[in-house]
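Only heavy atoms go into these numbers, but all of them, side chains included; no hydrogens, no water, no symmetry mates.
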Amino acid sequence: MPDTPHTAPAPHTAPAHAAPPVHPAAPTRRSRRSRGLRAALVAAVSAGLVAAAVPAPEPLGIGDPLFPHLGNPGYDVLAYDIAFTYTGDNTKPLNAVTKIDALVTDRLERINLDFAHGEVRSVHVEGRPARFALTGEDLVIQPDHPVEEGTRVTLAVTHTSDPAAAKAVGGWVRTSDGLAMANQADAAHRVFPCNDHPADKAYFTFRITAPKDLTAVANGRRADHTPAGANSTWVYRGSHPMATELAQVSIGRSAVVRRTGPHGLPLRDVVPAADRKRMEPWLKKTPGHLEWMERKVGRYPFETYGVLIADAATGFELETQTLSLFERRLFTHPQLPAWYIESIMVHELAHHWFGNSVTPRAWSDLWLNEGHATWYEALYAEETGHLTLERRMREAYTASDRWRAAGGPPAAPRPPSPGQKISLFRPVVYDGSALVLYALRQEIGKDAFQRLQRRWVTEYAHGTAGTADFVRLASDIAGRDLTAFMKAWLYGETTPRMPGHPEWRSKAPSQRPAQDVKPG
């Protein structure tokens, strides 16, 4: 979740038609790519390889209302194995190989992957060379024969991954000493070819080769570290499936700080080596944050946890799985109180239950991630003796109608602004969505609400779930149908009356706006 604390239609199958044009090496610039695609098609037709009437490869999607071209139909990715080679210059493209193991769910003549801002050098399907084309933000692969429903298929794409090209739109983040990743919401495919939608979670392995004086880290736990001449190769592997938007690779002059959390949980924090001592007062707080969250919702769901502090100006923090990304300046800003910084740390940690383990089925279900993370951020602030939850929710209620008018209701947000995908992360998905949870707790009582929280993260652990699933579970726990109540709160253009607080009022958009509650 990009946070700023300090300043579906049915899927369709790929069309069954003849091979895409032969395209041995796609250029990076889109204009050159389009000219190359047309030229390759003309050459293929002239050579008699395809009929003139064969449609060109086209970008596909699974029909997400907010990101219609993300994801691809016809297969389910089981695992990624991604190798990056970093030269030490964070302005130059990395050489990379992305291997994908997938289960085919519909017969496919072509296989689409999401990919942009990189050069594709070769593609292999089941170990055999395959033709391919880049169109829009899709890599379209033509196997030498169709892949059948129910079979498994392996893909290997040799490509580059360009941190300079991805800077303005997400993906790689250039730090003062290397690189990190920030792929939410739709930027993972600007780093590696993938099925870039949270509905398709998969297991990840990362293999990072870098100069031996640098440290590479990634999601999961380290499986190997092999020095070889001037370089070292680091291998990391996750124990649980992960959405592409949560991938993390960091390379730099870093210190890795290890300690133990609840139940012997291995913790590792990654910080600029020069800041090791300065950051220790913050790093040592994580075990206590974990204990606090486990008292609320149950055992931490992954194999390790830690914070990655990057010396970069991202403008947000991000819950990358098992290794949350934070800006260095969050911890060095002289005007931010310590309790506030801790509440943001708890926000990112809470996402590991709400968003990482239980992942949204569609991007319109984002309120489930951000509403819950904001809820526990606010609850932590209250329980540590600072801003009360009720005060924060009352302020949110005052602004709620204005937020809904600007960005849509919590479970039906308006699409992000063109070219500004991060604009999806508006106040209505943070405090506006936490307000929905507060209303629900007011309606069903604290005990039922607490049972709902624990059952939600248990029953859907390491899977995907959506708004309808949450409403059904809430109704089951409450012992009555909450559909109408939740529909009004989640989809209403205006904010319903707050149970237990009939005196609360939300200011209309035409009224003088109140100051926004800053999302964490």
Polar contact flag, side-chain donor to acceptor under 3.5 angstrom, [X]-[Y]:
X	Y	answer
Gln453	Tyr376	yes
His501	Tyr438	yes
Glu317	His347	no
Ser324	Glu348	no
Asp114	His189	no
Thr91	Asp89	yes
Arg237	Thr205	yes
Glu342	Tyr380	yes

Go through it in stages, so that I can follow the logic: the residues are Phe206 and Tyr236, the test is ring-ring contact (aromatic ring centres under 6.0 Å, His included), and I'd like the CA-CA distance, side-chain angles, deciding distance and then a yes or no.
CA-CA 5 Å; Phe206 291 99; Tyr236 290 86; 8.4 Å; no

Should the pair Glu137-Arg190 be classified as a salt bridge under the 4.0 Å nitrogen-to-oxygen rule?
yes

Side-chain ion pair, Arg329 and Asp311, N-O less than 4.0 Å
no

Testing the basics here: between Trp234 and Thr215, what is the closest heavy-atom pair and its distance to 0.1 Å?
CZ2-CA, 3.9 Å

Shortest non-hydrogen pair, Pro163 vs Asn90, comes out as CG-O, 3.4 Å

Out of Arg276, Lys277, Arg278, which one pairs with Glu280 under the side-chain hydrogen bond (donor to acceptor under 3.5 Å, both in side chains) rule?
Arg276

Steps toward ring-ring contact (aromatic ring centres under 6.0 Å, His included) verdict (Tyr86, Phe84):
CA-CA 6 Å; Tyr86 177 64; Phe84 294 111; over 10 Å; no

Please check this pair: side chain of [X] against backbone of [Y], looking for a donor-acceptor N/O pair closer than 3.5 Å.
X	Y	answer
Thr359	Asn356	yes
His351	Phe354	yes
Glu245	Asn183	no
Asp269	Val307	yes
Asp200	Val77	yes
Ser161	Val191	yes
Ser475	Leu482	yes
Ser506	Asp401	yes
Arg392	Leu387	no
Trp353	Met293	no

Worked verdict on His289 versus Tyr305 for ring-ring contact (aromatic ring centres under 6.0 Å, His included)
CA-CA 11 Å; His289 296 161; Tyr305 184 66; 9.3 Å; no

Interatomic spacing from CZ in Phe192 to CD1 in Ile82 - rounded to 0.5 Å
4.0 Å

Assess the residue pair Arg394 and Glu390 against the criterion (salt bridge (charged side-chain N to carboxylate O under 4.0 Å, His left out)); give the C-alpha distance rounded to whole Å, side-chain angles, the decisive distance to 0.1 Å, and a yes or no.
CA-CA 6 Å; Arg394 183 165 188 167; Glu390 183 172 319; 5.8 Å; no

Find out whether Asn219 and Met242 are in side-chain contact, i.e. whether some heavy atom of one side chain is under 4.5 Å from a heavy atom of the other.
yes

Looking at Asp213, I'd like to know if its CG atom is crowded, meaning that more than 12 non-hydrogen atoms belonging to other residues, nucleotides or ligands lie closer than 6.0 Å.
yes

Step by step, work out the ring-ring contact (aromatic ring centres under 6.0 Å, His included) result for Phe470 and Trp367.
CA-CA 11 Å; Phe470 187 80; Trp367 78 274; 5.6 Å; yes

